[in-house]
Structures are given as C-alpha cells and as structure tokens.
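Structure, as structure tokens:
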Amino acid sequence: MSKRHKIKVVVVSGHKLPSPNTFVNCALIDTSIDEVWKRYQAKTPLGEGSAPVWKKALVFGGMPHSLEFALRFDVYAAEKKSFLGRVQISKGDSLVACEQYKEANGNPQAQWSNWYRLKDKSGNPIKEEAFLHVAIVPPTVKTADANLNPPVPPPVEKKETPKPPPVKPDAKAKAAAEANPMTTQAKPDEKPWTDERRAKAKKKRIPARQEIIDSEKSYLDNLTALMDQYVNPMKAYVTDEDHKKMFSDVMGIYNFHMLFCPYMKESEDIGSCFIKYADYLKIYTEFINHYGNIIETLSELRKNKKFTNFLKIARKEAKMEITSYLIQPVQRIPRYVLLLKELKKYTWPEHQEFENLMKALAKAQEIATHVNERKRQIENMSKTLEVQSKITGEFDSLIKPDRKMIREDCLIKVSSGMFNSIKRKERIVFLFSDLLMWTTTAYQFRGKMSLAAARLEKSQRNELGIEVSSSKEIVVIIFETQLQMNEWIKDFEEGKKYAKQVRERLRKVKMNTLKGKRKGNAHTLVMNAFKTLEHKKNGSEGSLADEAAD
C-alpha cells in the first residue's frame, strides 16, 4: 500500500481582516493542475484577534505520496459572501512544519504556528495588511495539548519613511563615471567593481567554475560505484519490491546526473545548466522523504546471512560502505549552494552569466531548505546503521526512528568475576539516547542496558569512573581524563532527557489511537450513512471533512 500524507491544521484567528464577520473555506489543491483535489471545511466562522479563537481542528488526509499538494484557506465576508483573501501553504512547508513541531516538542515556533498574510487569487498581497494565524501539527496531536499561540505578535504595519531627494552627482564624479563605464554602482556594504577587482575576480573565477565541474564528475563517479558495486548486484539477493523500495529514487538520481554532468562540461554557462534541469532536482526531495524507509529496509535485510555476506564482499570491491554512498545525495544540494555562492563571488553584475547564476543559486537554496531540515536526522540514522553493520553477534536492531546516536569511545569496563575478583577489560562503549551498548575492541557484542530507568553516579572507588545502574545490573566505566568523563555525564543526561520526551510523545500517540478505536465504529457508520445521503442528494460523489476528534 502506497504511503499517504496526513496533516492536522488549526486556523486559529485573523488579524486586521477587511470585514468584522468572516468565515474560511478549506481545501486541498493539486498544484500540478491548480485544481481542488478535495474540499474539507466550508463556512467556518473566523475569530479576530491575537488570542486563539477558533480551536476546531481539521485533518487533511489521504494524500498520495506523489501528489504535489497545497493547503488552501479562502477567507470570505460573512454578509456579502465576497472573497477577501487567500492563504496557500505548499506541500514542502506543511511537511516541514510537522517535523518542526516534533523537534520543538510543541513549543511555539514560526515554522509550525505562524501568521500568514492574505493574498489575492493571483498570489499578490492584498492592499490591506490582513493576516491569518495557521498552526500545522502532526495528526496525532490533540488540539487542547498544542500551544497554539503564535510565537510572535501579529505583524505590525510598517510606515514608509519618505525617501530623501536623489543627490545629483557633481561634474567630477559624472566625468569619472563616463570615463570608466565598467565601474558599476555597488551597494553601501559592498565593494565597488573596479577594473582591478574585476581582473582579480576573472582569474579566480576560472578555478571556481572548474571546481563545480570536477565536483560533479567526482559525485557521478561515486553514484556509478554505488550502482555497480551495490545496487545492481543486490537484485540477486532481495525481492523486486524491496529493491524498488530502496533504490527507485537512487536510480532516478543516477540517470539524471548521467545527463547533467556531460551537459555541464560542454556548457559555457553554469547557471543555465541548473536552470534547464531545475525541475529534475526535485527528485532529491523524494529521496530525502524515503530515506528512513531505505535505512529500515537495509537493517531488516542484514538479518539474512546471505545478504550480509554479499555486503561484505561488495565492500571489498567498493571504496566505501553502502551507507557512505547513500548519504551523499543528502549532502549534494547543500554542496551545490556552497559551490554556486563561491562562483558568484567572482561574477560581476554585468557578466553574461550573472543573471542565470543568481536564478540557479535561488533554486538550489529553495531545495536545500527542505534537505537541511531532515539532514541531521538522516545522518544520525546512517551513522547508527554503520555502527550496527560492524558489530557481530546476536542483538536486536539498533534502528529506531527516535533513537539518537550520541557517542562511541574505547573505555575500560569493570565487572565482577569469581570469588569477588575485579576484571577490567577494554571495551567499545556506545551511548544512544535510550541505550548503552558495549562490545570487544573487535566489535563483538557483549552487552547492553536500557536507559529508560537507569541512573548515573560517580564512582566512589575511582575518581575517573561512573556507575550506570538499572534494576538488573550496574555497569562501571573508567575514563582516561576528567574532561572525557564530564562530557559523558553531560551527554548521558541530555540523552535521557531526549528519550523521556520520546516516550511521552509515544504515550500520547497510543492514547489518541485507543481513543480513536473506541469511537471508530460508531463514527464510521454515521459518516458512511452521511456519504450515501449526500451522494443521492447531489447525484455526484460527495466531499466530506475529516475532522479531528479532540
């Protein structure tokens, strides 16, 4: 079954709306054809003011993963039913908002609870500075539990200060400008483009341009190695379904760069290359969204000995682990931004490539915004999978969506032997947000401890030691330096705090799920009956609001 998106939205209140009595219509838009995909809520009264007024939550659900959707809120005057303005939030922004809510643990942030200025149907701001407060949260969050107050007060109208009359240049300045037409007028905080500066920039521009091309060639080489050493041979060891789940986006990225790299080498305008292929870069967004599934599938497949042996053999042929190759597409778009910025430093405004370069940089930055929101989480998942891949022995999978890999150190672990003897052994100790694990120096699994109810205390016997205790056992660890011990204690406490937040979030999800099951049967019967009546009445397929039960 294909993945479907589900987002919870709360339109809280308005600010400086053109009419005192207003209502809002909510709909889901298919942006590829700019048509309504599904209507949700109609003629819902809208309050006015900075305090939350309308707390009736609305769940936008059932969107296929491939659908390029947007959330649209149309505001109307209640009496005349005239259109006042519109707020439209893109798919990317809405999904990022849900992630931001989780990372902020519900604390108000502009990314998920914000004021949006009303625009006309063409997308231009309306004359009046009117705003709509929209909060976007995961569907499992109860409206009563969400802190819906905006993180900032409604935007204040800025009064334009009259501009001073332009100062006419004196005769000497005018003559100098006519004598040297290549000197452009720069911004106050920017150096002017003099002949000397242009000459230096021209020299530095050549290697900056070549670095982009060399970087692209190196990246394509790594994609080719990933395909040749891992992706294509893996078809013999996994099902077609698993192979497609893991690598459909990777193959799309590879095929794109097989075209993009030669085109870039032959082109004289780097910016035009990015503009021409800008739409193809959106495949990176799909790869980012599916990355968690890739890692989880790899983790499951590693339980199969034949698959694990295949990875070991492939690793001998390849330069890197498969996870090291898979993380590179995540890092690629931010890398483009850095490379294009460097080239821009040596491109003056009158240069024939300047305009295209600016457009290319803007496009790369737009995609990088989405990538950077998930980059830290993705890199952590990759690191955890790498740790799991090098540990031998029987142990449960380390891959969990909310598990954070914190640190890995070679330390001394103290244990009790026969006749109360004390054994000190060198161990590789891994600290996760919810787990302590240790192995031999050859990475053979030796033990683990859940940190859900664990306590950490400084050792009474060794000034550079700590004791981590649970209901079942006590683990004593000795460090090399005081600094290293202090860092471990700090990381341990932060990891415990993070794990506690995760458990609380999961508890709320479980409670909401149970609550939904208790209401589910009756709710389904009523809604299905309503659908049938609406269908008979209208003679067409009815639309229905998916409202959250709070």
Side-chain angles (χ1 to χ4, degrees), residues 90 92 123 163 166-167 169 172-223 253-254 256-285 287-288 328-373 375:
S90 69
K163 295 181 180 179
V167 180
K172 288 184 179 180
K174 190 175 181 180
E178 290 174 353
N180 187 11
M182 292 299 288
T183 303
T184 59
Q185 191 173 5
K187 294 178 181 178
D189 59 342
E190 202 177 275
K191 292 180 181 178
W193 280 96
T194 61
D195 286 345
E196 184 181 359
R197 186 184 174 193
R198 289 171 196 272
K200 289 181 180 180
K202 192 173 182 180
K203 290 180 181 179
K204 291 182 179 181
R205 196 175 185 281
I206 296 171
R209 186 180 184 280
Q210 188 60 43
E211 185 181 359
I212 297 177
I213 296 171
D214 292 344
S215 172
E216 184 64 23
K217 184 179 181 300
S218 176
Y219 178 58
L220 179 58
D221 288 344
N222 284 335
L223 286 177
I253 289 172
Y254 171 71
F256 160 63
H257 285 278
M258 287 290 287
L259 296 172
F260 187 55
C261 185
Y263 185 78
M264 184 184 287
K265 287 180 184 178
E266 296 173 5
S267 176
E268 296 181 359
D269 187 341
I270 293 289
S272 68
C273 297
F274 282 89
I275 293 170
K276 180 176 180 178
Y277 288 102
D279 288 338
Y280 291 94
L281 292 175
K282 291 179 181 177
I283 195 171
Y284 278 90
T285 303
F287 177 78
I288 297 297
Q328 290 192 16
V330 178
Q331 301 163 338
R332 190 59 191 164
I333 301 296
R335 176 70 175 151
Y336 279 143
V337 173
L338 294 175
L339 291 168
L340 291 171
K341 279 184 176 179
E342 185 68 14
L343 184 60
K344 176 181 169 289
K345 278 168 55 178
Y346 309 119
T347 307
W348 48 96
E350 293 80 14
H351 194 284
Q352 60 183 4
E353 293 183 42
F354 183 81
E355 187 176 343
N356 283 341
L357 187 59
M358 293 297 289
K359 290 179 181 177
L361 179 58
K363 192 67 182 177
Q365 285 174 323
E366 180 186 334
I367 300 172
T369 300
H370 174 70
V371 172
N372 287 330
E373 295 294 342
K375 188 178 176 185

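Below, each value reflects all heavy atoms present in this structure, side chains not excepted, and no hydrogens, waters or symmetry copies.
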For the [atom1] atom of [X] and the [atom2] atom of [Y], what is their distance to the nearest 0.5 Å?
X	Y	atom1	atom2	value
L340	R335	CG	CZ	10.5 Å
D279	K363	CG	NZ	6.0 Å
S218	L223	OG	CG	10.0 Å
F354	L343	CZ	CG	11.0 Å
T369	Q365	OG1	CD	7.5 Å
Q331	L338	CD	CG	11.5 Å

Identify the heavy atoms of [X] and [Y] that sit nearest to each other, and give their distance.
X	Y	answer
L361	K344	CD2-CD, 3.8 Å
W348	A201	CZ3-CB, 4.1 Å
A360	I275	N-CG1, 4.3 Å
I212	M264	CG2-SD, 3.9 Å
W193	T347	CZ2-O, 4.0 Å
C273	F260	O-CE1, 3.6 Å

Side chain S267, main chain I270, donor-acceptor under 3.5 Å: no
Mind checking whether [X] and [Y] have side chains closer than 4.5 Å, heavy atoms only?
X	Y	value
L339	E342	no
K200	Y346	no
F256	I253	no

E211 with K341: basic N within carboxylate O range, under 4.0 Å: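 No salt bridge links E211 with K341.
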Heavy-atom neighbours of E268 CD exceed 12 at 6.0 Å: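 Count not over threshold, so no.
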side-chain contact (heavy atoms from CB on, under 4.5 Å) between R205 and E353, worked out: CA-CA 12 Å; R205 196 175 185 281; E353 293 183 42; 3.1 Å; yes
Ring-ring centroid check Y280 Y277, cutoff 6.0 Å: yes
E216 side chain to Y336 side chain, donor-acceptor N/O pair below 3.5 angstrom: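 Present: a donor and an acceptor within the cut-off.
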Cation over ring face, R332 and Y219, 6.0 Å, 45°: yes
